[in-house]
Protein chains: 2
Amino acid sequence: MTKPLDPQMFDPACPSSVTPIRIGDKWTAMIVICLEDGPRRFSEFLVPLHHVTPKVLTETLRALERDGMVTRTAYPEIPPRVEYELTPLGRSLLDLVDACRTWGDKHLSQLIEARDAYWQRVDSGH
Amino acid sequence: MTKPLDPQMFDPACPSSVTPIRIGDKWTAMIVICLEDGPRRFSEFLVPLHHVTPKVLTETLRALERDGMVTRTAYPEIPPRVEYELTPLGRSLLDLVDACRTWGDKHLSQLIEARDAYWQRVDSGH
DNA sequence: CAGAATCCACATCGATACTG
DNA sequence: CAGTATCGATGTGGATTCTG
């Protein structure tokens with residue numbers, strides 16, 4: 001069985017939030033990472049993705065389903081249960097996530113330094 | 001000397017426009033590609049980037065400058081001349097561009113097929 | 001030539017309330 | 001539980017006009 005997702009999985013203070021690379025829309029990469037170890041239910045995503053609303057989560061998952069990145073399986077039970085799982089195509093995004101992480105590990109600190117220096121110059125009146 | 005940029009460098013019909021990966025904002029990746037072979041002037045970007053407005057081009061270049069990706073050199077001449085050039089940090093983005101291209105070459109057709117199939121299912125009334 | 005200024009259309013994202 | 005429906009804030013990108 002797959003373990004529960006860590007609520008602290010995505011630290012809002014993490015500098016990766018300033019990365020210039022983006023996969024899909026705002027929550028896409030995090031959802032893909034959540035699905036790395038196996039299928040997940042709708043409500044499971046709400047735990048690590050603290051501030052996502054059901055509406056936006058649904059939209060993002062639908063887009064992933066539309067593009068063949070995830071499969072959606074609804075079980076006809078009460079209460080309802082729906083599971084999302086990465087397809088091989090969706091799993092290929094994990095390589096990109098890794099590439100972005102690698103780039104960030106190597107270069108993000110330079111970007112942040114450059115940005116700080118830029119504002120120093122600007123704020124101190126040209 | 002660097003050769004003039006090809007006006008057809010970025011084909012609007014190119015399927016890469018549906019890629020789920022994005023670097024910076026809309027025109028950033030294309031600008032970085034334009035700078036691959038050496039420094040370029042403001043007006044040079046306007047040739048391959050057919051539909052960019054000066055305002056948006058300026059904003060994008062400023063953001064790249066702010067983040068240490070490009071240097072901006074203004075020559076005090078009349079008429080004015082300004083040159084933009086990739087820094088080593090900006091040049092590191094070329095690796096990501098390549099990673100995105102590689103992903104696209106391998107997987108973009110699957111994405112497009114999945115999307116078409118999805119709309120088939122939806123349009124023909126579920 | 002290389003932009004700055006202004007206005008505006010659109011899409012994404014979020015807050016809130018409600019439902020099969 | 002897993003959404004849907006509605007509304008509104010925000011921000012990006014584009015069109016147009018003007019300038020050192």
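Per chain, numbering begins at 1; letters A, B, ... match sequence-line order.
In this structure, B:His51 places its NE2 atom 13 Å from C1' of D:dA15, rounding to the nearest Å. Taking atom CD1 of residue A:Ile78 and atom P of nucleotide D:dC1, one finds them 14 Å apart after rounding to whole Å. Atom CG in A:Leu57 sits roughly 10 Å away from atom C1' in D:dG3 (whole-Å rounding). The separation between B:Glu59 atom CD and D:dG14 atom P is 10 Å, rounded to whole Å. At whole-Å resolution of the value, CH2 in A:Trp27 and P in C:dC13 are 10 Å apart. Computed from coordinates, the A:Met30 CE to C:dC13 C1' distance equals 12 Å when rounded to whole Å.
With B:Thr87 contributing its side chain and B:Gly68 its backbone, the two residues share a donor-acceptor pair below 3.5 Å. A donor-acceptor pair under 3.5 Å is formed between the side chain of B:Asp11 and the backbone N or O of B:Ala13.
The end-to-end axis angle of the helix from C:dC1-D:dG20 to C:dG20-D:dC1, rounded to 10 degrees and based on five pairs per end, is 50°.
Remark: B:Glu36 engages no residue in a salt bridge (charged side-chain N to carboxylate O under 4.0 Å, His left out) (not counting sequence neighbours). Listed by chain and number, the residues in a ring-ring contact (aromatic ring centres under 6.0 Å, His included) with B:Trp27 amount to none (sequence neighbours excluded).
Annotation: the span from A:Ile31 atom CD1 to A:Thr60 atom OG1 amounts to 5.0 Å, rounded to 0.5 Å.
Judged by distance alone, the side chains of A:Thr28 and A:Asp25 do bring a donor and an acceptor atom under 3.5 Å apart.
For the pair B:Arg81 and B:Tyr75, the distance from NZ or CZ to the six-membered ring centre is under 6.0 Å and the angle to the ring normal is within 45 degrees.
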>> Can you build the contact string for nucleotides 2-12 of chain C? Use B for base contact, S for sugar-phosphate-only contact, and - for no protein heavy atom under 4.0 Å.
In response: SBSBB------
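Looking at residues 4-21 of chain B, you'll see that no heavy atom sits under 4.0 Å from any atom of DNA chain D.
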>> Assess the residue pair B:Val52 and B:Met30 against the criterion (side-chain contact (heavy atoms from CB on, under 4.5 Å)); give the C-alpha distance rounded to whole Å, side-chain angles, the decisive distance to 0.1 Å, and a yes or no.
In response: CA-CA 11 Å; B:Val52 77; B:Met30 286 180 266; over 6 Å; no
Show the atom names and distances, to 0.1 Å, of all donor-acceptor pairs under 3.5 Å that link a side chain in residues 38-50 of chain B to residues at least two apart or in another chain.
unit_1, atom_1, unit_2, atom_2, d
B:Arg40, NE, B:Cys34, O, 3.3
B:Arg40, NH1, B:Lys3, O, 2.7
B:Arg40, NH1, B:Glu44, OE2, 2.9
B:Arg40, NH2, B:Lys3, O, 2.8
B:Glu44, OE1, B:Arg41, N, 2.8
B:His50, ND1, B:Val47, O, 3.3
B:His50, NE2, B:Pro7, O, 2.7

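The two residues A:Leu35 and A:Tyr84 come nearest to each other via the heavy atoms CD2-O, 3.3 Å.
The side-chain heavy atoms of B:Tyr118 and A:Asp67, taken from C-beta on, include no pair separated by under 4.5 Å.
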